[in-house]
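Please read all numbers here as calculations on a predicted model, not as lab measurements. Protein chains get the first letters and strands the later ones, always in sequence-line order, with residue 1 at the start of each.
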Amino acid sequence: MGLSVFNTLGNRKEPFLPMEPGKVRMYVCGVTVYDLCHIGHARANVAFDIIVRYLRQRGFDVTYVRNFTDIDDKIIRRANREGVASREIAERYIRAFYEDFDRMGLLRPDIEPRATDHIPEILRLAGRLVETGKAYVVDGDVYYSVKGFPGYGKLSGKNTEDLLAGARVDVDERKKDPLDFALWKASKPGEPAWDSPWGPGRPGWHIECSAMAMKHLGETFDIHGGGKDLVFPHHENEIAQSEGATGKPYARYWIHNGFVNIDNEKMSKSLGNFFTLREVLAKVKPDVLRFFFASSHYRSPIDYSDTSLAEAKAGLSRLYRVKEKAEACEAAGARASSVPEGEAFSPLREAAERFDEAMDDDFNTAAALGRIFDAVRALNRLVPANPAAETEKAGRFLAGYAVLRPLFDVLGLLREPAKDYFQAEGGHALTEEEILLRIEARRDARARKDFAEADRIRKELDALGVLLEDSKAGTSWKYKA
RNA sequence: GGCGGCAUAGCCAAGCGGUAAGGCAGAGGACUGCAAAUCCUUUAUCCCCCGGUUCGAAUCCGGGUGCCGCCUCCA
């Protein structure tokens, strides 16, 4: 069984065969840095983060490139509004981007090119297209001539007649054809500009990705990813200008993620119905969001709400409880027994295998998560009641947990210690010390069979958001979900 | 108008021709002083509707209905 991926180019699932065996060259469209990231950006990036993690775990040497669009109309507009340089806007939001995305545990790409650092490459590419007559110059603007590229529409499944009939393409008199798009825009007064053979100007949106992807990955590379909304026109145009220039296939597999919806409607800046990542991270741990995203297939739309977040939180807690037990075993001095064998482990090993099958099927994280829960159930049967007193059992449990751990890593889940996950949330009424004091008092009450007092203390803590759990090994506590 | 996608239990969500994963919520049981956690059992005779293909369809085909996305900046 091999890995298969859904390729937007061709609109079907295909076996994944990189150009060079064992090596994957991958480009993902990053963000335009003019504002804070919202959870739609988070969804897209978590999706590709998981894809990279899985490819690497599967043994591929992945070169992961993700750009920053740091020059664009929206950045300029914001800079003008605030009376600062557009560079300053870009720097500010790149910083914010890293703050948010690092918290999400997103892998840093191997290369993070910025448009403004690639002006020479962009000019070279545009120049190549002008020289070969595939692009034309009007008043310092450079436009790509779509009619000259026969494959136009192959990614998005559109044809040029339909596009024209759609009549939603704004008519610019200077363009030879309404579908033509700008490779280079002459700068207006007060706008940032770079010198070019056609006068001072700045790059159009689509060409930066082509220039940067081809510079860092070659003229043909394996995977190009982004949100579904980029299929047309952005990615269609990237193909046109890149293949128009090189005559070679551009990206071989196009992967697009579905949207985050609010009340069944696309969340977006223009609709105004968006939540920034940091707003959401103020409410829930980053892992909750990751779990939420992983619980649907990356191509499906996913509906964001407080309810769905709460459900994700509940499911994730079940996972963290397993980790909590593994930590308890380690704390008790147990070490994973070498090879997990025996009847009790076969459901675990089977679940791990079926996890890979699910991921092989177009990165089906929802199904993969199902297999993780199967494994969790199997592993929970092996939990020692008192790890300190049952080191052998604890060692077996750890051996089982070691089978699961790589699965969590692929999804980027369970990155923090369970103790922190359950106990390190701020803003609670009681300190850890105060909680432990009450647990001690309750222990004494239980020892003298004063259950009324013991229950009183437990209820008191419960009212303050602290949950007690008795076991043979003692009483543990956690903040209520 | 053109193109594409989706409709599965109370909720979320897999499934891609062989007789409905998983999670949350619910019910019963075990464990517990009682809880919590955990384990066991249980919860869709049926997958929007109507036809068709097939020994067999949630899965394929045709026709409906509803919702969504792209065609304009957008993950």
- Distance, C1' atom - from B/U59 to B/C16, rounded to whole angstrom: 6 Å
- Item | Aromatic A/Tyr421 / basic A/Lys323 pairing, under 6.0 angstrom, 45° off normal | no
- Sugar-phosphate only, base, or nothing, as touched by A/Leu230 at under 4.0 Å among non-hydrogen atoms: sugar-phosphate
- Message: Less than 6.0 angstrom from the centroid, inside 45 degrees of the normal: does A/Lys269 satisfy that with respect to the ring of A/Tyr34?
- Response: yes
- Rounded to whole Å, the NZ-C1' distance (A/Lys228 to B/G5) equals 7 Å
- Message: Counting the atoms with a prime plus P, OP1 and OP2 as sugar-phosphate, which does A/Ser296 contact under 4.0 Å by heavy atoms, base, sugar-phosphate, or nothing?
- Response: sugar-phosphate
- Query: If you measure from the P atom in B/A75 to the same atom in B/C71, how many Å do you get, rounded?
  - Reply: 12 Å
- A/Tyr304 OH to B/A75 P: how many Å, rounded? 18 Å
- Report which part of the nucleic acid A/Arg43 touches: base, sugar-phosphate, or nothing (heavy-atom distance under 4.0 Å, all strands). nothing
- Distance, C1' atom - from B/C3 to B/G10, rounded to whole angstrom: 36 Å
- A/Ile302 or A/His38: which one's nearest nucleotide on RNA chain B is closer to the 5' end? A/Ile302
- Comparing A/Ser471 with A/Val376, nearest RNA chain B nucleotide closer to 5' gives the residue A/Ser471
- Expressed as a whole number of Å, how far does the C1' atom of B/C50 sit from that of B/U42? 35 Å
- Does B/U38 have a Watson-Crick or wobble mate here (both distances under 3.5 Å), and if so which one? B/A30
- In chain order, what residues pass the salt bridge (charged side-chain N to carboxylate O under 4.0 Å, His left out) check against A/Lys74, with sequence neighbours excluded? A/Asp72
- Excluding sequence neighbours, so at least two apart, what forms side chain to side chain donor-acceptor pair (under 3.5 Å) with A/Tyr304? none
- B/C71 C1' sits how many Å from A/Glu161 CD, rounded? 14 Å
- Determine the contact category for A/Asn364: base if any of its heavy atoms lies under 4.0 Å from a base atom, sugar-phosphate if only primed atoms, P, OP1 or OP2 are that close, otherwise nothing. sugar-phosphate
- Task: Within residues 149-158 of chain A, find the residues that approach RNA chain B with a heavy atom at under 4.0 Å, and present them sorted by residue number.
- Result: A/Ser156, A/Gly157, A/Lys158
Tell me which donor-acceptor pairs under 3.5 Å the side chains of residues 255-262 of chain A have, and how far apart each pair is, sequence neighbours excluded?
unit_1   : atom_1 : unit_2   : atom_2 : d
A/His256 : ND1    : A/Thr8   : OG1    : 2.7
A/His256 : NE2    : A/His235 : ND1    : 2.8
A/Asn257 : OD1    : A/Gly227 : N      : 3.4

- Task: Have a look at A/Gly40 and say if it touches a base, only the backbone sugar-phosphate, or nothing, with a 4.0 Å heavy-atom cut-off.
- Result: base
- Message: Side chains of A/Phe68 and A/Phe97, heavy atoms from C-beta outward: is any pair under 4.5 Å?
- Response: yes
- Task: Counting heavy atoms from C-beta on, name the nucleotide in B/A36, B/A75, B/U38 closest to the side chain of A/Phe259.
- Result: B/A75
- Note on the structure: Contact string for nucleotides 20-28 of chain B, one letter per nucleotide 5' to 3', B = base within protein heavy-atom range under 4.0 Å, S = sugar-phosphate only, - = neither, reads -BSBS----
- Give one of base, sugar-phosphate or nothing for A/Gly225, where a contact means two heavy atoms less than 4.0 Å apart. nothing
- Task: Please measure how far the P atom in B/G64 lies from the corresponding atom in B/C12, and state the result in whole Å.
- Result: 28 Å
- Task: Rounded to whole angstrom, note down the C1' distance from B/C24 over to B/A13.
- Result: 11 Å
- Whole-Å distance between B/C68 C1' and A/Asp229 CG? 14 Å
- Message: For A/Arg12, give me all partners under salt bridge (charged side-chain N to carboxylate O under 4.0 Å, His left out), at least two apart in sequence or on another chain.
- Response: A/Glu14
- Item | Sugar-phosphate only, base, or nothing, as touched by A/Ser300 at under 4.0 Å among non-hydrogen atoms | sugar-phosphate
- Note on the structure: Between CG of A/Asp303 and P of B/C68 the distance, given in whole Å, is 11 Å
- Using a cut-off of 4.0 Å on non-hydrogen atoms, how would the nucleic acid contact of A/Val28 be classed: base, sugar-phosphate, or nothing? nothing
- salt bridge (charged side-chain N to carboxylate O under 4.0 Å, His left out): pairs with one or both residues in residues 459-474 of chain A, sequence neighbours excluded: A/Arg438-A/Glu460, A/Arg442-A/Asp470, A/Arg446-A/Asp470, A/Arg456-A/Glu460, A/Asp462-A/Lys480, A/Glu469-A/Lys478
- Message: Between P on B/C40 and CZ on A/Arg381, what's the gap in Å once rounded to a whole number?
- Response: 4 Å
- Please state whether the base of B/G33 and the side chain of A/Arg446 form at least one donor-acceptor pair under 3.5 Å? yes
- Residues in salt bridge (charged side-chain N to carboxylate O under 4.0 Å, His left out) with A/Arg354, at least two apart? none
- Task: For B/C73 versus B/C68, give the span between their P atoms, rounded off to a whole number of Å.
- Result: 23 Å
- Message: Holding to side chain to side chain donor-acceptor pair (under 3.5 Å), I want the full list of residues that pass it with A/Ser210, two or more places apart in sequence or in another chain.
- Response: A/Gln241, A/Ser242
- Give A/Asn11 one of three labels, base, sugar-phosphate or nothing, depending on what nucleic acid heavy atoms sit under 4.0 Å from its own. sugar-phosphate
- Query: Does A/Asn380 put a side-chain nitrogen or oxygen below 4.0 Å from OP1 or OP2 of B/C39?
  - Reply: yes
- Test item: A/Lys285 and A/Val288 side chains (from C-beta on) under 4.5 Å apart, heavy atoms: yes
- For A/Arg442, answer base if it contacts any base atom (sugar-phosphate contacts may also be present), sugar-phosphate if it contacts only those atoms, and nothing otherwise; contact means non-hydrogen atoms under 4.0 Å. base
- Task: Would you indicate what A/Asn264 reaches in the nucleic acid, counting non-hydrogen atoms under 4.0 angstrom: base, sugar-phosphate, or nothing?
- Result: sugar-phosphate
- Set of residues satisfying salt bridge (charged side-chain N to carboxylate O under 4.0 Å, His left out) with respect to A/Arg108, sequence neighbours excluded: A/Asp102
- Taking the side chain as C-beta and beyond, is there a heavy-atom pair between A/Tyr298 and A/Ile50 under 4.5 Å? no
- Note on the structure: Taken to the nearest whole Å, CD1/A/Ile75 to P/B/C73 is 16 Å
- Sub-4.0 Å heavy-atom contacts from residues 449-461 of chain A onto RNA chain B, ordered by number: A/Phe451, A/Asp455, A/Arg458
- Using the P atom on both, measure B/C60 against B/C47 and round to a whole Å. 15 Å
List the atom pairs, with distances to 0.1 Å, where a side-chain N or O of residues 376-387 of chain A and a protein N or O form a donor-acceptor pair under 3.5 Å, not counting sequence neighbours.
unit_1   : atom_1 : unit_2   : atom_2 : d
A/Asn380 : ND2    : A/Val376 : O      : 3.4
A/Asn386 : OD1    : A/Ala388 : N      : 3.4

- Taking the six-membered ring for Trp, are the ring centroids of A/Phe181 and A/Tyr143 within less than 6.0 Å of each other? no
- Item | A/Asp470, nearest nucleotide to its side chain (from B/C73, B/C70, B/A35) | B/A35
- Task: Report the distance from atom CD of A/Glu324 to atom P of B/A37, rounded to the nearest whole Å.
- Result: 12 Å
